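Working notes, structure below.
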There are 2 protein chains.
Amino acid sequence: MAKTGPSRLERRVSVIKALAHPSRLAIAEALQNGEQCVCDLRDLVDSDLSTVSKHLAIMREAGLLDMEKRGLKVFYRLRCPCLLSFFECVDQLSAKSPSAPSSRDACRSR
Amino acid sequence: MAKTGPSRLERRVSVIKALAHPSRLAIAEALQNGEQCVCDLRDLVDSDLSTVSKHLAIMREAGLLDMEKRGLKVFYRLRCPCLLSFFECVDQLSAKSPSAPSSRDACRSR
DNA sequence: AGACTATTTGGCTATTTGGCCAAGTAAAGC
DNA sequence: GCTTTACTTGGCCAAATAGCCAAATAGTCT
């Protein structure tokens, strides 16, 4: 039963990669307020529809998004609201300038 | 005072990008157990020392790591322990197969 | 069926990223 | 001051990623 598949590390990386792009991150942020169709998201990130569609495919394959077709439109939504806490962590890390002198306590929890 | 600098989105992206690579993520995970020197981390990810050093620079510039030179060795440590909760979120997202039928409740908190 | 709208997919190039080697720097030991 | 150890930096090439256009698909409407 050689059901090896991607390791935990690889799965983690694919989720993180799916957020590691300005347009994709902006999409994830926007979807925190509820589902949106592809054309709305295209307006948000202002790039070609095909480009947006490919970004969404990456996020979907990483497990970030669910899609649902209703009529002509396809609606995407976050599969997990835990992104909120995820972003809080990211913001704490990005709050201070890189390795600045007094940055040792960028997060209070230490 | 045109002190624009990188936007919040760009800063978030740079933190996330710094984790979006198997070696870098493995390093971040390892550092959850405390600081390590570069040569230890090189053993961990098993690539050229120069490659590891560049990975560490990326993580440092993103604000993820602090470095400290003691004697000949350079020690790196996480600047923020909130990565734990970050990874919990990532794991919830990566736990289920992409958009599988019954995956709507990959996270209980909904 | 044909036209129209919304989205995805394929193909192509341009840019970015990753990794190795070689050279450079910095602290320690002799 | 020369050697060794521990790392960083620069250069170069290969591979991955991003974005655009054109073509394909799917659902609506007439």
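All chains are named by letter (A, B, ...) in the order of the sequence lines, taking the proteins before the strands, and each is independently numbered beginning at 1. For clarity, every value in this text was computed on a predicted model and none was experimentally measured. Worth knowing before you read on, the calculation uses all heavy atoms, side chains too, and leaves out hydrogens, waters and symmetry mates.
- Out of C:dT8, D:dC7, C:dT7, the shortest distance to the side chain of A:M67 is found at C:dT8.
- For the pair B:F75 CZ and D:dC7 P, the computed distance is 8 Å after rounding to whole Å.
- In this structure, the CG atom of A:L49 is 14 Å from the C1' atom of D:dT25, given to the nearest Å.
- In this structure, A:R70 forms a cation-pi arrangement with A:F75, its terminal cationic atom sitting closer than 6.0 Å to the ring centre and no more than 45° off the ring axis.
- The nearest whole Å value for the distance from the CG atom in B:D46 to the C1' atom in C:dC20 is 14 Å.
- Protein atom CG of B:D40 is 12 Å distant from nucleotide atom C1' of D:dA6, rounded to whole Å.
- Side chain of A:R79 to backbone of A:G63: a donor-acceptor contact under 3.5 angstrom is found.
- Around the CG atom of A:D43, the shell of radius 6.0 Å holds more than 12 heavy atoms that belong to other residues, nucleotides or ligands.
- Between the C1' atom of D:dA6 and the CG atom of B:L41 lies a distance of 13 Å, rounded to the nearest Å.
- Remark: B:Y76 is not in phosphate contact with D:dA6, judged by side-chain N or O atoms under 4.0 Å from OP1 or OP2.
- With hydrogens and angles disregarded, no donor-acceptor distance shorter than 3.5 Å links the side chain of B:R77 to the backbone of B:L65.
- To the nearest angstrom, C1' of D:dG27 lies 15 Å from CD of A:E68.
- Closest heavy-atom contact between A:L25 and B:V13: CD2-CG2, 3.6 Å.
- Applying the salt bridge (charged side-chain N to carboxylate O under 4.0 Å, His left out) test to pairs two or more places apart or on separate chains, those with a residue in residues 17-30 of chain A are A:E29-B:R8, A:E29-B:R12.
- Distances were taken from every side-chain heavy atom of B:K73 (C-beta onward) to each of C:dA6, C:dA27, D:dC7; the shortest belongs to D:dC7.
- Residues B:S47 and B:V52 have side chains in contact (heavy-atom distance under 4.5 Å, counting atoms from C-beta outward).
- Using a 4.5 Å heavy-atom cutoff, the side chains of B:H55 and B:T51 are in contact.
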Report all interatomic pairs (protein N or O, nucleotide N or O of nucleotides 28-30 of chain D) with separations under 3.5 Å.
none

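- The pair B:E35-B:K73 does not count as a salt bridge, with every side-chain nitrogen at least 4.0 angstrom from each carboxylate oxygen.
- What separates CD of A:E35 from P of C:dA6 is a distance of 16 Å, to the nearest Å.
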Just the table, please: protein N/O against nucleotides 17-23 of chain D N/O, every pair under 3.5 Å.
| unit_1 | atom_1 | unit_2 | atom_2 | d |
| --- | --- | --- | --- | --- |
| D:dT17 | OP1 | A:K17 | NZ | 3.2 |
| D:dA18 | OP1 | A:R24 | NH2 | 3.4 |
| D:dA18 | OP2 | A:R24 | NH1 | 3.3 |
| D:dG19 | OP2 | A:H55 | NE2 | 2.8 |
| D:dC20 | N4 | A:K54 | NZ | 3.0 |
| D:dC21 | N4 | A:S50 | OG | 2.8 |

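- When rounded to the nearest whole Å, the span between NZ of A:K69 and C1' of C:dA6 equals 7 Å.
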